[in-house]
2 protein chains.
Amino acid sequence: MTAIRLLLADDHPVVRAGLRALLETEPDFSVVADVATPDEAVELAARLAVDVVLMDLQFAGRMLGARATAAITSRDGAPRVLVLTTYDTDADILAAIEAGATGYLLKDAPPEELAAAVRTAAAGRSALAPAVALRLMDRVREPSTALSRRETEVLQLVAEGLSNDQISKRLFLSQATVKSHLAHIYTKLGVDSRTAAVATATAQGIIRR
Amino acid sequence: MTAIRLLLADDHPVVRAGLRALLETEPDFSVVADVATPDEAVELAARLAVDVVLMDLQFAGRMLGARATAAITSRDGAPRVLVLTTYDTDADILAAIEAGATGYLLKDAPPEELAAAVRTAAAGRSALAPAVALRLMDRVREPSTALSRRETEVLQLVAEGLSNDQISKRLFLSQATVKSHLAHIYTKLGVDSRTAAVATATAQGIIRR
DNA sequence: CTGCGCTTACACCTTTTGGTTGATGTCCGG
DNA sequence: CCGGACATCAACCAAAAGGTGTAAGCGCAG
């Protein structure tokens, strides 16, 4: 049995070293490279014939991991991408899954869970951390509080302090559409103002700040 | 020359492994233990006669590191505490320094910076990451961004989703006063809406969600 | 003692946001 | 193929929030 070939992508040197240290103790794992940027990850994922990429979602505070994940998984014979991040918010999870991630793990996961997820991903099966799986279950069970992708996107911008007008320009919509989305968001969250929506959504982990 | 004895306190196994891997390559460092909880950190810092404690601020999403830091540094002959965390918000930095931390590093620091900071801390000198030092300088230079107690109180309620009317009732003020406070807040933060104020203040750690 | 900043407060006006109703097109699943 | 969820936009009205000017009491440092 050949070793599972791994590529680590995270902008924190400490995290890269930690993952390497933890994963190299497994005899059937081989960490072939670790990189600090999404671009390097995309390039090396293609060149080095790896089996699984462990990908952070945030690089230098921005959400570049999802795009890199999409770039990696879009090719034929692409490696599996296991997203490994700090936050378990709806927005992040959906972005990752949409980008083609095979699994979603949290950085506070114990080493055994990490290794198990890598093997699951290498076998092509989906690997979700318990907390993440639970959140997705809740989402399915309770569709009234589940915001659509577009709604989440709008609300994220609201949380960043943008006005309806700024949001409409950012998303190439009319203010009317932004207001429409917000009205739906208020209904779903049971609130009646943008700040209350942000507060509620933040508390529930629907958006990140 | 005796080795510098280190204790690692972080709830993320990956981070503990990473710090251990990076620091043990230094011949003059000796990692004597790593722990996952603040309580263990306080206990072992006293028992093991360590020189420097590398302390995370957040444990399981809560700010327990500052209290542990205070507990460790309050004793005679206490080890130096080097706070190592992900965020460089005002509130976190001030809490750490107030608790008696000798230094404040960010987790995205390169390994050399990390090792240098440990040696600096072991020698009893203050070790601040460049980004952190810069923020403190800004704070001293630009006191206009410092909100008064009342203003912070109002803004905290805004962040919780309350309307001006609700805030006025909560604080036994008139809506006019709340609006006055908010106008001052907008000026100090350089924004022009309540959501933008919350976003900015949260980013700077002025308020906590 | 005398400013200065914080807190409180009011009035007037403009801009933004929220609430409602209605309409069109798309896409997906039964 | 059709219903339903989603996304898009419009027009209108009501309410909330923001902008500006003004001002009084209070505590504190120079």
Side-chain angles (χ1 to χ4, degrees), chain A residues 90-91 94-95 97-98 136 138-202 206-207, chain B residues 139-202 206-207:
Chain A
D90 283 26
L94 288 183
I97 292 177
E98 200 182 329
L136 283 182
D138 284 351
R139 208 189 156 83
V140 173
R141 237 197 299 279
E142 187 60 78
S144 72
T145 57
L147 302 186
S148 72
R149 180 155 47 257
R150 198 58 157 171
E151 286 162 353
T152 307
E153 202 175 355
V154 169
L155 189 52
Q156 180 68 52
L157 294 179
V158 171
E160 291 170 18
L162 277 66
S163 69
N164 292 348
D165 188 51
Q166 290 173 310
I167 294 171
S168 73
K169 280 170 178 128
R170 182 80 74 88
L171 299 181
F172 304 106
L173 300 174
S174 74
Q175 294 98 316
T177 304
V178 175
K179 286 174 66 172
S180 245
H181 286 310
L182 281 175
H184 295 149
I185 291 168
Y186 300 152
T187 304
K188 286 180 178 178
L189 296 183
V191 299
D192 58 359
S193 79
R194 61 209 287 105
T195 45
V198 169
T200 300
T202 302
I206 295 171
I207 55 172
Chain B
R139 205 189 161 82
V140 173
R141 233 198 302 277
E142 189 59 82
S144 74
T145 57
L147 301 186
S148 72
R149 183 155 48 258
R150 197 58 157 174
E151 286 163 353
T152 307
E153 202 176 356
V154 169
L155 189 52
Q156 181 67 52
L157 293 179
V158 171
E160 290 170 19
L162 277 66
S163 69
N164 290 348
D165 187 51
Q166 289 173 311
I167 294 171
S168 74
K169 282 173 175 125
R170 183 80 73 89
L171 298 181
F172 304 104
L173 300 173
S174 73
Q175 293 100 315
T177 304
V178 174
K179 285 169 70 170
S180 268
H181 286 310
L182 282 175
H184 295 150
I185 291 169
Y186 299 154
T187 303
K188 287 180 177 177
L189 296 183
V191 299
D192 59 358
S193 77
R194 61 210 286 106
T195 45
V198 169
T200 299
T202 304
I206 295 170
I207 54 172

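Not measured: the values here are computed from a predicted model. Chain naming here is simple, since letters A, B, ... match the order of the sequence lines and numbering starts at 1 in each.
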Just to confirm, is there a sub-4.0 Å distance from OP1 or OP2 of [N] to any side-chain nitrogen or oxygen of [X]?
X	N	result
B/Y186	D/dG18	yes
A/R149	D/dC6	no
B/S174	C/dC10	yes

Report the distance from atom [atom1] of [X] to atom [atom2] of [N], rounded to the nearest whole Å.
X	N	atom1	atom2	result
A/R150	D/dA5	CZ	C1'	16 Å
B/L182	C/dT16	CG	C1'	15 Å
A/D192	C/dT20	CG	P	11 Å
B/Q175	C/dA9	CD	P	10 Å
A/L155	D/dA7	CG	P	13 Å
A/H184	C/dG18	NE2	P	14 Å
B/R194	C/dG18	CZ	P	10 Å
B/I185	D/dG18	CD1	P	10 Å

Do the non-hydrogen side-chain atoms of B/V158 and B/I167 ever get within less than 4.5 Å of each other?
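SC-SC contact between B/V158 and B/I167 confirmed.
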Side chain proximity check, B/L171 to B/L157, heavy atoms < 4.5 angstrom:
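Yes, close enough: below the 4.5 Å cut-off.
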If you look at every strand shown and take non-hydrogen atoms under 4.0 Å, does A/T177 touch a base, only sugar-phosphate, or nothing?
base
Of the listed nucleotides (C/dT7, C/dC6, D/dC9), which one gets closest to any side-chain atom of A/L173?
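In terms of side-chain proximity for A/L173, the closest of C/dT7, C/dC6, D/dC9 is D/dC9.
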Side chain of B/A183, heavy atoms from C-beta onward: which of D/dT20, D/dT8, C/dC10 has the nearest atom to it?
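So the nucleotide nearest the side chain must be D/dT20.
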Among B/Q156, B/R150, B/R149, find the one that has a side-chain hydrogen bond (donor to acceptor under 3.5 Å, both in side chains) with B/E153.
B/R150
Looking only at the side chains, is there a donor atom on one of B/T177 and B/S174 sitting less than 3.5 Å from an acceptor on the other?
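Judged by distance alone, the side chains do pair up.
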Any N/O donor-acceptor pair, B/S180 side-chain to C/dA9 base, under 3.5 Å:
yes
Output the distance between atom CG (A/N164) and atom OG (A/S180), rounded to the nearest 0.5 Å.
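Between atom CG of A/N164 and atom OG of A/S180 there are 11.0 Å.
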Main-chain N/O of B/D165 paired with B/S168 side-chain donor or acceptor, under 3.5 Å
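Pair found, side chain donor or acceptor close to backbone of B/D165.
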Is there a residue in residues 163-172 of chain B whose heavy atoms reach under 4.0 Å of DNA chain C, and which residues are they?
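Of all residues in residues 163-172 of chain B, none places a heavy atom under 4.0 Å from DNA chain C.
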Start at the 5' end of DNA chain C and walk down; is the nucleotide closest to B/K179 or to A/V191 reached first?
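In this pair, the answer is B/K179.
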After noting the C-alpha distance and the side-chain angles of A/L189 and A/I206, does the key distance pass the side chain to side chain contact (heavy atoms under 4.5 Å, CB included) rule?
CA-CA 10 Å; A/L189 296 183; A/I206 295 171; 3.9 Å; yes
